[in-house]
Amino acid sequence: MPGTQEFLLGEFQRTLDERYRLSIPSEVGDALAAESPNCILAKERPGCLSLWSAPVWQARLDEGVELVKQKMRAGKLQERIAEVQLFGRLLSTRHRLVQLAGRGRLVIPEGFREFLGVEPGGEVQIVGAAVCVEIWSPAAWLKYLEGRMPRFRRLFDQLSR
């Protein structure tokens, strides 16, 4: 993976302006854009977008796509063509190159706005997710936390051993 990646942490509340612009907090935005102002905005789950360093995202994407291509060339996915098509469709619409402008400003592009589900003037939660920054609708974030927080201790213990 290119460069040394920071561990991105923190939870911040921000407001989308009338042009779907959002200010990413410097605590996570500066580390995210340290190598390049280019970032990748990705659809994660309904109500959540993730923002990645472009070099980090591209390295991960290239590695995964190359493995799929190798399996296709070797004929290992012949019986799974519908899954390959689904993969291609989702990959085609899942991410987009964006730039963090001055003061960490990000414009949420069309097609991603609907997925996020927050109107201009609405609040969003910005969350450091260790390897990327996530942008959540508040309702989706609360629902996610309610389901995951009870398992935090076990996850922490598993990852830190």
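It should be emphasised that the depicted structure is a prediction, and the values quoted were computed from it without experimental measurement.
- Here the straight-line distance linking atom OG of Ser36 with atom CG of Leu100 works out to 9.5 Å at 0.5 Å rounding.
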Please test Leu86 against Val84 for side chain to side chain contact (heavy atoms under 4.5 Å, CB included), starting from the C-alpha separation and ending with a verdict. CA-CA 5 Å; Leu86 174 60; Val84 173; over 6 Å; no

Start with the C-alpha distance between Leu32 and Asp30, add both sets of side-chain angles, then the distance that settles side chain to side chain contact (heavy atoms under 4.5 Å, CB included), and finish with yes or no. CA-CA 5 Å; Leu32 189 68; Asp30 290 351; over 6 Å; no

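- Here the straight-line distance linking atom CD1 of Ile135 with atom CZ of Arg14 works out to 11.5 Å at 0.5 Å rounding.
- Of all non-hydrogen atoms in Leu116 and Ser137, the two that sit nearest each other are O-CB, 3.6 Å.
- Side chains of Ile126 and Leu22 form a contact here, defined as non-hydrogen atoms less than 4.5 Å apart.
- Follow the hydrophobic side-chain contacts under 4.5 Å out from Trp136 and you never reach Leu16; the two are in separate clusters.
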Residue pair Gln125, Phe12: steps toward the side chain to side chain contact (heavy atoms under 4.5 Å, CB included) verdict: CA-CA 6 Å; Gln125 291 297 125; Phe12 311 89; over 6 Å; no

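- Distance CG/Asp62 to CZ/Arg60: 12.0 Å, rounded to 0.5 Å.
- Of all the heavy atoms in Arg103 and Ser23, the pair that sits closest is O-OG, 3.4 Å.
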Criterion side chain to side chain contact (heavy atoms under 4.5 Å, CB included) on Tyr20 and Val118, from CA distance to verdict: CA-CA 9 Å; Tyr20 289 94; Val118 176; over 6 Å; no

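- Looking at every heavy atom in both residues, Phe112 comes nearest to Thr93 through CZ-O, 4.2 Å.
- When every heavy atom of Ala31 is checked against every heavy atom of Leu8, the shortest pair comes out as CB-CD2, 3.6 Å.
- Shown here are the side-chain hydrogen bond (donor to acceptor under 3.5 Å, both in side chains) partners of Glu123, two or more places apart in sequence or in another chain: Gln13, Thr15.
- Using a 4.0 Å cut-off between a side-chain N of Lys or Arg and a carboxylate O of Asp or Glu, Glu66 and Arg73 qualify as a salt bridge.
- Between Leu51 and Leu49, the closest side-chain pair of non-hydrogen atoms is not below 4.5 Å.
- Phe152 and Leu9 fall into different hydrophobic clusters, where Ile, Leu, Val, Met, Phe, Trp and Tyr side chains are chained together by heavy-atom contacts under 4.5 Å.
- Under a hydrophobic-cluster definition in which Ile, Leu, Val, Met, Phe, Trp and Tyr are linked whenever side-chain heavy atoms come within less than 4.5 Å, directly or via other members, Phe156 and Val127 are assigned to the same cluster.
- Salt bridge annotation for Glu119-Arg113: absent, with no cationic side-chain nitrogen under 4.0 angstrom from a carboxylate oxygen.
- Considering CG of Leu41 and CZ of Arg96, their distance stands at 8.5 Å, rounded to 0.5 Å.
- The CZ atom of Arg151 lies 11.0 Å from the CD atom of Gln158; values are rounded to the nearest 0.5 Å.
- Both Leu91 and Leu77 belong to a single network of hydrophobic side chains, linked directly or stepwise wherever heavy atoms of I, L, V, M, F, W or Y lie under 4.5 Å apart.
- The local environment of CZ in Arg21 is crowded, with over 12 non-hydrogen atoms from other residues, nucleotides or ligands closer than 6.0 Å.
- When side chains are defined from C-beta on, Ile40 counts as touching Leu97, because their heavy atoms get closer than 4.5 Å.
- Under the rule for a salt bridge (Lys or Arg N to Asp or Glu O under 4.0 Å), the partners of Arg153 that lie at least two apart in sequence or sit in another chain are Asp157.
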Let's go through Glu44 and Ser50 carefully: what are the C-alpha distance in whole Å and the side-chain angles of both, what is the deciding distance for side-chain hydrogen bond (donor to acceptor under 3.5 Å, both in side chains) to 0.1 Å, and is it a yes or a no? CA-CA 6 Å; Glu44 284 297 331; Ser50 61; 2.6 Å; yes

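- For Glu146 (side chain) and Lys143 (main-chain N/O), no donor-acceptor pair under 3.5 Å exists by modelled atom type.
- At a threshold of 4.5 Å between side-chain heavy atoms, the hydrophobic network of Ile, Leu, Val, Met, Phe, Trp and Tyr places Phe115 and Val98 in one connected group.
- Atoms CD and CE, from Gln78 and Met72 in turn, are 8.0 Å apart once rounded to the nearest 0.5 Å.
- Side-chain contact between Trp52 and His95 is absent, with no heavy atoms from C-beta onward closer than 4.5 Å.
- For Gln85, the CD atom is densely surrounded, since the number of other residues' heavy atoms within 6.0 Å is greater than 12.
- Residues Arg94 and Ser92 form no side-chain contact, since every pair of their non-hydrogen atoms from C-beta on lies 4.5 Å or further apart.
- With 3.5 Å as the limit, one finds a donor-acceptor pair spanning the side chains of Trp141 and Glu11.
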